[in-house]
Amino acid sequence: MQTTSAMPKKASFFRALKTVCWAYLGVRSQRGYQEDIAATITLGQIVIIGTLVWLIFVIGVASVAIYVSS
């Protein structure tokens, strides 16, 4: 007899990216929030994508500041 546990499918990269971007903005509709809960986004996905988005934002702001000040 073979037992298979019903492991939920991990959310895609773009689904996790969308969730992290909405979290950075701080606005989300109730329906969207429920969809985010239903998607199985792992903590690792959130940490990695959140760090990447933050890094891109900081580099972008620094680049604009350097461009404007020169």
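- Note on Ile59 and Tyr24: same hydrophobic cluster, where clusters join Ile, Leu, Val, Met, Phe, Trp and Tyr whose side-chain heavy atoms are under 4.5 Å apart, directly or indirectly.
- Shortest non-hydrogen contact noted between Ile41 and Ala11 is CG1-CB, 3.5 Å.
- Taking hydrophobic clusters as Ile, Leu, Val, Met, Phe, Trp and Tyr residues chained together by side-chain heavy-atom distances below 4.5 Å, Ile66 does not share a cluster with Val58.
- Shortest non-hydrogen contact noted between Ala16 and Ile49 is CB-CD1, 3.4 Å.
- Looking at Val53 and Phe57, their side chains never come closer than 4.5 Å, going by heavy atoms from C-beta outward.
- In this structure, Ile48 CD1 and Leu17 CG are separated by 13.0 Å, a value rounded to the nearest 0.5 Å.
- For the side chain to side chain donor-acceptor pair (under 3.5 Å) condition, the pairs that include at least one residue of residues 26-39, sequence neighbours left out, are Arg15-Asp36, Thr19-Asp36, Arg28-Asp36, Arg31-Glu35.
- No donor-acceptor pair under 3.5 Å is formed between the side chain of Gln45 and the backbone N or O of Phe13.
- With rounding to the nearest 0.5 angstrom, the CD1 atom of Ile56 is 11.0 Å from the OG1 atom of Thr51.
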